[in-house]
Amino acid sequence: MSEMFCFQCQQTAGGSGCVRTGVCGKQPETAHLQDALVCRLIRLAEACQARQEYPPEVTRLLADGLFTTLTNVNFDNEAIRAFTARVEDTLRSHGGDVREEDPSWLWRGETDLVSLRSTLLFGLKGMAAYAHHAMVLGYEDEEIGRFFAKALFAVGEDWDMEQLLPIVMEVGEKTLRCMALLDRANTESYGT
């Protein structure tokens, strides 16, 4: 694979995105695997939304998967493949469709919509880092878990600005809730 597109950090080449290899050292194959994992997470969120069921093990998988794709968190291609296989198994068990797709659709389309989708996705990835660390300490919030599914579902929909903007705004609200959860987890686990 000779091309990639990654623009989720402040180090991006030329301030617009890394297209050959990441300034951080991320390789094209890794970027592609991360994007493919995001697409699988979106499909799993769609399955949750279709059934209106949000089992804790699935919402944990959504959060951990998003955290896996956060800039500079995981460049281990085999670990990303293994995590993607877990998501695919869970997707199948929840009636979802595991189909091959070109993940570049995430970054295509009308500029304002791509910007909103990207803002939502990057916000979710940051939120997932907080949620992951809280979960490691045994703290979870059902509302946060459901929001991961709701927001990932929105990323995968062909929505206009009026439909996407409220969810983009909600990611800020839910991130604050997630930060409060992590603060409580740390304080109750380790003290002030």
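All of these numbers come straight from a predicted model, not from anything done at the bench. Numbering starts at 1 and runs along the sequence shown. Any value given below was found using the heavy atoms of this structure, including those in side chains, with hydrogens, waters and symmetry copies removed.
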Subject >> Backbone N/O of T111 and side chain of S115: donor-acceptor pair under 3.5 Å >> reply: no
Original post:
Step by step, would you call W159 with L116 a side-chain contact (heavy atoms from CB on, under 4.5 Å)?
Top reply: CA-CA 10 Å; W159 285 357; L116 282 175; over 6 Å; no
Using the rule that two of Ile, Leu, Val, Met, Phe, Trp, Tyr join whenever any of their side-chain heavy atoms come within less than 4.5 Å, decide whether [X] and [Y] are in one cluster.
| X | Y | result |
| --- | --- | --- |
| V168 | L41 | yes |
| F67 | F75 | no |
| I144 | L137 | yes |
| L181 | L176 | no |
| L70 | M135 | no |

Which heavy-atom pair separates [X] from [Y] by the least distance, and what is that distance?
| X | Y | result |
| --- | --- | --- |
| C39 | L106 | SG-CD1, 4.1 Å |
| L62 | A45 | CD2-N, 4.4 Å |
| Q49 | A149 | CG-O, 4.2 Å |
| A131 | C178 | N-SG, 3.4 Å |
| R117 | W107 | NH2-N, 4.4 Å |
| W105 | V155 | CZ3-O, 3.6 Å |

Original post:
Is Y130 atom OH crowded by more than 12 heavy atoms from other residues, nucleotides or ligands, each under 6.0 Å away?
Top reply: no
**OP:** Give a yes or no on whether E142 atom CD has more than 12 heavy-atom contacts from other residues, nucleotides or ligands under 6.0 Å away.
**Re:** no
Original post:
Would R81 and E29 count as a salt bridge (Lys or Arg N to Asp or Glu O under 4.0 Å) if you check the C-alpha gap in whole Å, the side-chain angles of each, and the deciding distance to 0.1 Å?
Top reply: CA-CA 11 Å; R81 281 188 187 95; E29 182 181 8; 2.2 Å; yes
Between [Y] and [X], is the closest basic N to carboxylate O distance under 4.0 Å?
| X | Y | answer |
| --- | --- | --- |
| R146 | E143 | no |
| D102 | R108 | yes |
| R86 | D89 | no |

Taking atom [atom1] of [X] and atom [atom2] of [Y], what is their separation to the nearest 0.5 Å?
| X | Y | atom1 | atom2 | value |
| --- | --- | --- | --- | --- |
| K150 | Y54 | NZ | OH | 9.5 Å |
| L121 | I42 | CG | CD1 | 6.5 Å |
| D35 | E101 | CG | CD | 10.5 Å |
| M161 | E110 | CE | CD | 7.5 Å |
| C48 | F153 | SG | CZ | 11.0 Å |
| T69 | K125 | OG1 | NZ | 3.5 Å |

**OP:** Given side-chain contact (heavy atoms from CB on, under 4.5 Å), test T59 with F148 step by step and report yes or no.
**Re:** CA-CA 7 Å; T59 58; F148 280 121; 5.6 Å; no
**OP:** Output, in order, the C-alpha distance, side-chain angles, deciding distance and verdict of salt bridge (Lys or Arg N to Asp or Glu O under 4.0 Å) for E46 and R43.
**Re:** CA-CA 5 Å; E46 290 170 351; R43 301 302 165 227; 2.6 Å; yes
Original post:
Hey, mind stepping through R40 and V98 against side-chain contact (heavy atoms from CB on, under 4.5 Å) and telling me if it holds?
Top reply: CA-CA 8 Å; R40 290 298 191 269; V98 178; 3.9 Å; yes
Original post:
Of K174, M179, H132, R177, which is the lone residue that meets side-chain contact (heavy atoms from CB on, under 4.5 Å) with M127?
Top reply: K174
**OP:** Given side-chain contact (heavy atoms from CB on, under 4.5 Å), test L61 with F83 step by step and report yes or no.
**Re:** CA-CA 9 Å; L61 198 60; F83 197 96; 3.6 Å; yes
